[in-house]
Amino acid sequence: MGYSEKVMDHFINPRNVGEIENADGIGEVGNARCGDIMKVYLKVDDGVLTDVKFKTFGCASAIATSSMATELIKGKPVAQVLELTNRAVVEALDGLPPVKLHCSVLAEEAVKAAVKDYYDRSGIAYDPALFAGLGEEDPHGAIEEE
Ligand code: FES
């Protein structure tokens with residue numbers, strides 16, 4: 001199975017690449033099996049995600065999913081950002097080959113890790129269950145299949 005046009009577009013021309021100086025939250029996650037690493041930077045004003053950037057050292061799907069994930073969450077209230085799922089990212093990209101679904105899990109986890117970092121840094125209380133399993137789990141084991 002090939003890649004959708006949207007995946008190719010976000011891989012070749014990724015949105016929101018880079019870093020944010022003085023970011024309010026930074027999340028970094030890696031996949032132990034493929035070795036890919038994703039880092040997400042958040043800027044938050046009045047509880048709203050005003051800017052988001054990412055750096056991904058990884059495969060084409062990892063880059064395309066980080067690009068799409070940042071597009072989906074930009075401008076949203078932080079609480080809503082946490083509702084992002086890898087499935088929503090994959091749907092927005094018109095699908096990914098099944099063997100590449102774990103790459104979208106990495107994008108979801110990087111975003112969540114960045115939000116957690118934001119909460120921790122700003123002393124905002126949260127339910128730890130929101131981030132259960134973050135960073136402990138092999139994303140390959142957490143793939144949501146059809
Ligand atoms: Fe590892 Fe895509 S192969 S994130």
Side-chain angles (χ1 to χ4, degrees), residues 1-44 48-122 126-146:
M1 183 179 147
Y3 290 111
S4 73
E5 268 174 43
K6 279 194 190 162
V7 172
M8 289 309 294
D9 177 35
H10 279 263
F11 167 53
I12 291 165
N13 181 25
R15 315 333 184 238
N16 309 309
V17 175
E19 27 184 301
I20 296 175
E21 246 181 86
N22 303 317
D24 297 310
I26 300 176
E28 184 171 352
V29 295
N31 182 306
R33 277 195 223 179
C34 63
D36 292 351
I37 296 170
M38 213 177 268
K39 204 164 176 179
V40 169
Y41 302 78
L42 308 178
K43 193 82 207 157
V44 182
V48 173
L49 189 64
T50 51
D51 199 11
V52 50
K53 294 256 189 291
F54 78 90
K55 275 186 168 173
T56 291
F57 304 93
C59 71
S61 302
I63 290 168
T65 52
S66 355
S67 169
M68 182 55 91
T70 56
E71 285 286 275
L72 291 175
I73 60 174
K74 207 173 180 176
K76 292 209 169 148
V78 176
Q80 230 174 297
V81 167
L82 281 178
E83 290 165 16
L84 179 82
T85 61
N86 75 300
R87 182 180 290 274
V89 176
V90 171
E91 273 169 18
L93 286 168
D94 292 337
L96 272 181
V99 296
K100 287 284 160 186
L101 284 176
H102 76 270
C103 317
S104 64
V105 174
L106 208 56
E108 178 190 324
E109 292 203 326
V111 166
K112 291 193 169 153
V115 171
K116 182 174 184 299
D117 183 50
Y118 161 67
Y119 283 165
D120 287 339
R121 287 191 204 202
S122 3
Y126 57 84
D127 178 359
L130 283 174
F131 304 102
L134 241 197
E136 295 161 11
E137 211 173 339
D138 178 350
H140 281 100
I143 295 172
E144 264 191 68
E145 307 258 18
E146 286 296 287

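Counting convention: from 1, in listed order, for ligands and their atoms alike. Nothing here was measured: the structure is a model prediction, and the numbers come from that model.
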Lys100 to ligand 1, any heavy atom closer than 4.0 Å: yes
Spacing of Arg87 atom CZ and Leu96 atom CG [to the nearest 0.5 Å]: 12.0 Å
Donor + acceptor pair across side chains of Asp94, Ser4 (<3.5 Å): no
Contact atoms of ligand 1, heavy-atom distance to Cys59 under 4.0 Å: 2 (Fe), 3 (S), 4 (S)
Single hit among Leu84, Val105, Thr70 for side-chain contact (heavy atoms from CB on, under 4.5 Å) with Val89: Leu84
Opening angle at atom 1 (Fe) of ligand 1 [SG, Cys34; OD2, Asp36; to 10 degrees]: 100°
Donor-acceptor side-chain pairing of Asp51 and Tyr41 below 3.5 angstrom: no
His102 N/O/S atom closer than 2.8 Å to atom 2 (Fe) of ligand 1: no
Whether Asp36 side chain and Cys59 backbone form a donor-acceptor pair below 3.5 Å: yes
Cys103: numbered ligand 1 atoms lying under 4.0 Å from its heavy atoms: 2 (Fe), 3 (S), 4 (S)
Atom indices of ligand 1 within 4.0 angstrom of Ala62 heavy atoms, with elements: 4 (S)
